[in-house]
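One structure is given here, and the rest of the page talks about it.
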Amino acid sequence: MTTITHSLASGAGWHVTDVICTAGAGDRLFEEAHQDFCVAAVTSGTFRYRAQQGTAMLAPGALLLGNPGTCYECGHEHGSGDRCLSFHFGPAYMERIVAGVPGARKLAFAAPRLPPLPVLAPLLAEAETARDMADKGAFEELSLRVAGAAVGTVSGATHVRRAPSRRDQKRVAEAVRRIELDADGPVSLAELADETATSPYHFLRIFRQVAGMTPYQFLLKTRLHRAAVRLRMSDDAVSAIAFEAGFNDLSTFNRRFRRVMGETPGRYRARRGALAVPAS
């Protein structure tokens with residue numbers, strides 16, 4: 001077995017896997033068929049990919065593109081091993097994404113890959129970070145953004161940013177209130193979109209435009225803010241504060257808190273006494 005696949009996250013109509021291949025130049029070509037639409041970001045290694053759309057060499061930063069039912073093969077002629085973040089979408093789910101990308105018309109990918117493009121680099125870095133931090137909650141939004149970026153780039157669609165309508169602003173305001181009320185529990189993008197009668201892709205786009213961040217980023221910001229206040233106002237255990245704020249893992253909370261606040265929760269709390277003493 002030269003390929004190991006780990007499931008990272010999934011939802012209705014989509015799933016994400018971490019695929020590690022250890023095959024070399026002397027190994028048999030890997031042959032399979034895409035069950036769904038596939039957009040796989042290469043994070044390390046190189047390999048040759050051949051499908052109905054053509055043949056291409058894929059390197060780190062490139063996107064492999066696959067259509068449902070299409071047979072394909074991968075081989076390593078010039079080196080051993082590779083690793084990919086593989087995003088998969090059911091046809092109905094992808095159809096809604098395509099409908100939400102301005103200028104996009106075709107549902108099937110006509111090209112086998114997208115080369116490493118500077119415009120895609122920040123998004124792919126976010127996805128790789130989410131994988132390495134085991135941030136399952138980030139992948140629902142990342143899946144939509146990766147699919148939308150692939151569809152828009154392949155189709156040559158240009159996104160004209162329009163001012164959000166009053167209706168969209170109202171939708172986002174309602175979603176913000178919902179997140180604030182339920183920040184200590186699970187809040188999914190699909191549920192927020194359903195409550196505003198929009199598709200997940202459209203909702204994600206207008207939320208980022210109106211709020212300046214994604215729903216998941218706003219959720220994390222809300223949780224971290226509440227935890228920071230609790231750390232200053234109470235002597236409760238850090239673990240209790242983390243779990244009550246909505247974090248299911250203490251190490252994840254510590255890592256995120258330090259990343260945002262610049263210090264560990266314990267150090268942040270320890271400075272509480274010093275800040276309360278007026279300067280002489």
Side-chain angles (χ1 to χ4, degrees), residues 1-94 97 107-117 120-151 153-154:
M1 177 66 104
T2 59
T3 302
I4 301 173
T5 301
H6 299 287
S7 177
L8 297 177
S10 63
W14 66 274
H15 69 276
V16 187
T17 58
D18 179 22
V19 182
I20 301 173
C21 179
T22 59
D27 290 311
R28 183 178 178 179
L29 295 177
F30 180 82
E31 299 178 350
E32 202 169 335
H34 292 296
Q35 301 301 312
D36 297 306
F37 284 99
C38 176
V39 180
V42 183
T43 61
S44 66
T46 60
F47 61 95
R48 184 176 64 85
Y49 170 62
R50 185 169 72 88
Q52 185 177 0
Q53 308 103 292
T55 302
M57 179 64 66
L58 283 96
L63 292 181
L64 176 156
L65 306 175
N67 297 312
T70 300
C71 296
Y72 69 93
E73 64 179 27
C74 296
H76 294 76
E77 299 175 354
H78 308 292
S80 298
D82 65 83
R83 189 175 186 180
C84 295
L85 262 174
S86 192
F87 297 84
H88 302 266
F89 310 93
Y93 194 85
M94 180 62 89
I97 294 175
L107 187 58
F109 290 119
R113 64 130 197 199
L114 281 174
L117 299 174
L120 297 176
L123 175 58
L124 299 186
E126 280 189 58
E128 191 168 350
T129 300
R131 179 197 67 191
D132 294 344
M133 293 182 66
D135 189 358
K136 293 184 178 182
F139 279 111
E140 184 178 17
E141 294 179 355
L142 284 168
S143 295
L144 288 169
R145 292 170 62 193
V146 167
V151 170
T153 304
V154 167

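Quantities reported herein were computed from a predicted structural model and do not represent experimental measurements.
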Exercise for review: Mind telling me whether Phe139 and Phe87 have parallel, tilted or perpendicular rings, with 30° and 60° as the class edges?
Suggested key: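 The rings of Phe87 and Phe139 sit tilted, inter-plane angle from 30° to 60°.
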Review point. Which word best sums up how the rings of Tyr72 and His34 line up, parallel for under 30°, tilted for 30 to 60°, or perpendicular for over 60°?
Key: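 Parallel, since the angle between the ring planes stays under 30°.
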Exercise for review: Look at the side chain of Thr55 and the backbone N and O of Arg50, then say whether any donor-acceptor pair between them is shorter than 3.5 Å.
Suggested key: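 No; judged by distance alone, with no hydrogens or angles, the pair does not exist.
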Please round to the nearest 0.5 Å and tell me the distance separating atom [atom1] of [X] and atom [atom2] of [Y].
| X | Y | atom1 | atom2 | answer |
| --- | --- | --- | --- | --- |
| Ser44 | Asp82 | OG | CG | 6.5 Å |
| Asn67 | Gln53 | CG | CD | 5.0 Å |
| Leu124 | Arg145 | CG | CZ | 10.0 Å |
| Leu29 | Glu73 | CG | CD | 4.5 Å |

Review point. Just checking, is any N or O donor in the side chain of His76 or Asp27 under 3.5 Å from an acceptor N or O on the other one?
Key: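 There is no such pair (donor and acceptor under 3.5 Å, judged by atom type) between the side chains of His76 and Asp27.
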Review point. Would you say the side chains of His88 and Ser86 form a donor-acceptor pair under 3.5 Å?
Key: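 Judged by distance alone, the side chains do pair up.
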Side-chain touch [X]/[Y], heavy atoms, less than 4.5 angstrom:
| X | Y | value |
| --- | --- | --- |
| Thr46 | Leu58 | no |
| Arg131 | Thr43 | yes |
| Met94 | Asp36 | no |
| Cys84 | Phe47 | yes |
| Leu142 | Glu126 | yes |
| Leu85 | Leu8 | yes |
| Ile97 | Trp14 | no |
| Val151 | Phe109 | yes |

